[in-house]
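Contents: one structure, followed by commentary.
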Amino acid sequence: MRRQRSLLPLVLICASSSVLLLTATTNADNLTFYMKADCLDSTNYTRGSAFQANLDAILSSLPAAAAASSSGFAKNITGGAAPDQVYGLAQCRGDISAERCRACLVNSAREVASRCPGRKSAVLIYEGCLLRYSNASFFGEADTSNPLYMCDLDNATQPQFASSLDGLMRSLAEKAYGSPRLFAAGSVDLADYEKIYGMVQCTRDLGPDDCEGCLATNAVSKIQTYKNCSGRQGGRLFNWSCYIRFEVAPFFNAQAAETAMSTGYGGYEEMRGSETLQYDLGTLRAATDNFSEEKMLGKGGFGPVYKGTMQNGQEIAVKRLSTISQQGLVEMKNEIVLVAKLQHKNLVRLLGFCIDEEEKLLVYEFLSNKSLNKILFGA
Ligand SMILES: *[C@@H]1O[C@H](CO)[C@@H](O)[C@H](O)[C@H]1NC(C)=O
Ligand SMILES: *[C@@H]1O[C@H](CO)[C@@H](O)[C@H](O)[C@H]1NC(C)=O
Ligand SMILES: *[C@@H]1O[C@H](CO)[C@@H](O)[C@H](O)[C@H]1NC(C)=O
Ligand SMILES: *[C@@H]1O[C@H](CO)[C@@H](O)[C@H](O)[C@H]1NC(C)=O
Ligand SMILES: *[C@@H]1O[C@H](CO)[C@@H](O)[C@H](O)[C@H]1NC(C)=O
Ligand SMILES: *[C@@H]1O[C@H](CO)[C@@H](O)[C@H](O)[C@H]1NC(C)=O
Ligand SMILES: *[C@@H]1O[C@H](CO)[C@@H](O)[C@H](O)[C@H]1NC(C)=O
Ligand SMILES: *[C@@H]1O[C@H](CO)[C@@H](O)[C@H](O)[C@H]1NC(C)=O
Ligand SMILES: CC(=O)N[C@H]1CO[C@H](CO)[C@@H](O)[C@@H]1O
């Protein structure tokens, strides 16, 4: 029998060379559990400078922007040009609510200012969120620094632990880099009433390939052998680009994680409930001359696509999903997943949708060039 997990487990925190022993609460709910701050550049900005004003602006706007985005992620650039320009990135763990996302990042913004006062570049990682800024662009660039790790002091006792963990983490990594949120979480049965819970994620500015590199090639294959994590029943390995964690107790919201993995767009249910994204059928009829032949741009696997013009002049593309009732919703969900993936590469934006008794419609921004055709009708 494995030992009962204590309420205040000892956690070993190690950064390349320094080794610390800390007593900390690592319970599931502590999203502001502090993992690491790094004042990346020793150079200070000038007090009262334009850089500082831009930094203040970006740090105060990013938490709300990330929380408001359906993927819990935001990046922004303030200031017109170097040297006053500030690049900022904020991201929340894939399974947490907008409210908790915002709270976590507001905390980070405060904490980063006190841990790295005056610095031109810094990053702060909490369990639930990551905040990073710099005077130079780092978007889309994978970080290649050494990973940091934290390990439970308790050792796993089950003989099959290592192979089960390996299988779980590999499958999660594969799911994560194939998903728009670059996030996956799940569990595997270990023995009666025992499971291993795992989570993996990359920062959402990375492309799938860099995410795969960070997760599969590096982190997942290292987690069990990395320094003092060997044989432990829990651990985290992370750098500024990706993060993996495993425990023998649940630490994520399984249902929210499932939703995040399947749509990456904040969840299908969330979309249904979201007022802003919902279009009224009458409005879309009016915009497309009641789906007239003349407005039809073409026909794709899922149904015809019409060009529409909103009352304010905005041009849209409306996809009318074939109404094989039951299947309609499945198609729609697939479509949202597809578009969310494409959205990641900034191709075409899904503006919203309309679900009505007889019609299921997806509304995109209208692009006059080929990429729209490719997306709407398939390659
Ligand atoms: C969360 O963890 C941090 C340690 O990083 C601790 O200071 C804080 O009090 C914890 N919060 C809660 C609610 O347990
Ligand atoms: C930067 O500012 C911090 C805090 O004000 C100070 O401790 C540090 O010495 C400064 N670094 C340089 C290089 O001026
Ligand atoms: C970017 O930052 C500026 C300045 O804080 C803010 O006004 C703007 O709304 C932000 N944009 C996004 C997309 O968050
Ligand atoms: C950012 O700041 C560092 C340190 O002052 C400087 O070396 C670098 O050139 C700056 N980068 C940009 C793009 O301004
Ligand atoms: C776990 O195993 C390591 C190495 O085998 C040992 O040094 C350590 O004391 C063990 N930890 C516990 C809590 O038993
Ligand atoms: C991040 O950490 C991994 C984990 O081992 C390391 O190998 C990698 O070089 C770092 N960066 C990326 C993008 O993988
Ligand atoms: C729109 O077209 C449908 C048939 O496709 C028709 O039943 C409906 O009356 C039309 N509505 C308007 C406002 O023309
Ligand atoms: C053409 O497509 C690219 C993306 O492939 C997009 O960035 C650009 O804005 C499009 N041009 C027009 C005129 O829509
Ligand atoms: C038990 C164990 O693996 N201990 C190692 C922890 O890490 C330090 C520094 O890397 C090693 O010296 C120990 O042998």
Side-chain angles (χ1 to χ4, degrees), residues 1-14 19 21-31 33 35 93-96 125-128 147-179 181-202 211-212 214-239 242-262:
M1 267 311 224
R2 91 186 147 82
R3 287 201 294 123
Q4 192 58 42
R5 195 182 159 79
S6 59
L7 285 173
L8 290 175
L10 275 173
V11 179
L12 191 60
I13 302 188
C14 312
V19 176
L21 268 181
L22 290 186
T23 308
T25 54
T26 51
N27 64 39
D29 283 315
N30 192 351
L31 296 175
F33 175 70
M35 289 168 63
R93 212 173 74 183
D95 62 319
I96 72 175
I125 303 181
Y126 279 142
E127 171 60 28
L148 301 167
Y149 59 100
M150 297 171 146
C151 315
D152 264 26
L153 287 188
D154 289 341
N155 294 313
T157 52
Q158 302 83 350
Q160 77 279 25
F161 189 90
S163 63
S164 299
L165 176 63
D166 189 60
L168 171 67
M169 298 315 270
R170 282 181 197 284
S171 86
L172 289 178
E174 222 164 277
K175 281 185 193 158
Y177 58 74
S179 86
R181 277 198 182 194
L182 303 180
F183 166 87
S187 61
V188 67
D189 289 335
L190 198 53
D192 287 347
Y193 310 112
E194 293 180 346
K195 282 178 191 284
I196 308 175
Y197 298 83
M199 189 201 77
V200 308
Q201 77 175 356
C202 296
C211 180
E212 177 177 3
C214 197
L215 287 177
T217 336
N218 298 307
V220 168
S221 53
K222 270 185 192 160
I223 185 116
Q224 289 200 73
T225 52
Y226 205 68
K227 302 194 178 168
N228 295 57
C229 276
S230 176
R232 304 300 165 97
Q233 64 170 18
R236 314 175 197 207
L237 191 73
F238 59 97
N239 59 19
C242 65
Y243 172 31
I244 73 176
R245 177 177 178 189
F246 68 93
E247 304 286 348
V248 289
F251 62 92
F252 54 84
N253 178 331
Q255 203 184 343
E258 203 54 50
T259 308
M261 286 154 67
S262 64

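Note that the numbering runs from 1 along the sequence shown for the chain. Values reported hereafter were calculated over all heavy atoms of this structure, with side chains retained and with hydrogens, waters and symmetry mates removed.
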### Query
Can you check whether Leu190 reaches Lys195 side chain to side chain, under 4.5 Å on heavy atoms?
no
### Query
To the nearest 0.5 Å, what is the distance between CG (Leu148) and CG (Leu237)?
8.0 Å
### Summary
Scanning both residues in full, the closest heavy-atom pair of Tyr197 with Leu168 reads C-CD2, 4.1 Å
### Message
Within the 4.5 Å heavy-atom criterion, are Arg181 and Met261 side-chain neighbours or not?
### Response
no
### Query
Are side-chain heavy atoms of Val200 and Met169 found at a separation under 4.5 Å?
yes
### Contact check, side chains of Ile125 and Phe238, non-hydrogen atoms, under 4.5 Å
yes
### Query
Just how far is it from atom CD of Glu194 to atom CD of Gln158, taken to the nearest 0.5 Å?
4.5 Å
### Query
Can you tell if the side chain of Arg93 reaches within under 4.5 Å of the side chain of Tyr126, non-hydrogen atoms only?
no
### Task
Could you walk me through whether Cys202 and Cys214 pass disulfide (SG to SG under 2.5 Å), step by step?
CA-CA 8 Å; Cys202 296; Cys214 197; 5.5 Å; no
### Query
Taking atom CZ of Phe246 and atom OG of Ser187, what is their separation to the nearest 0.5 Å?
14.5 Å
### Query
So, for Phe252 and Gly198, which heavy atoms are closest and what is the spacing to 0.1 Å?
CE2-O, 3.5 Å
### Message
Determine whether a donor-acceptor pair (N or O, by modelled atom type, separation under 3.5 Å) exists between the side chain of Asp95 and the backbone of Asn253.
### Response
yes
### Task
Taking all non-hydrogen atoms of both residues into account, name the closest pair between Gln201 and Gly94 and its distance.
OE1-N, 3.4 Å
#### Entry: Note, Leu215 side chain near Ile244 side chain (heavy atom, < 4.5 Å)
yes
### Message
Within the 4.5 Å heavy-atom criterion, are Tyr149 and Arg232 side-chain neighbours or not?
### Response
no
### Message
Nearest 0.5 angstrom please: Phe33 CZ to Glu127 CD, how far?
### Response
8.0 Å
### Message
Check whether Phe251 forms a cation-pi arrangement with Arg245 (NZ or CZ under 6.0 Å from the six-membered ring centre, at most 45° off the ring normal).
### Response
yes
#### Entry: Test log, rule side chain to side chain contact (heavy atoms under 4.5 Å, CB included), inputs Leu172 and Met199
CA-CA 7 Å; Leu172 289 178; Met199 189 201 77; 5.7 Å; no
### Query
Say you draw a straight line from CG of Asp152 to CD of Gln233; how long is it, rounded to the nearest 0.5 Å?
5.0 Å
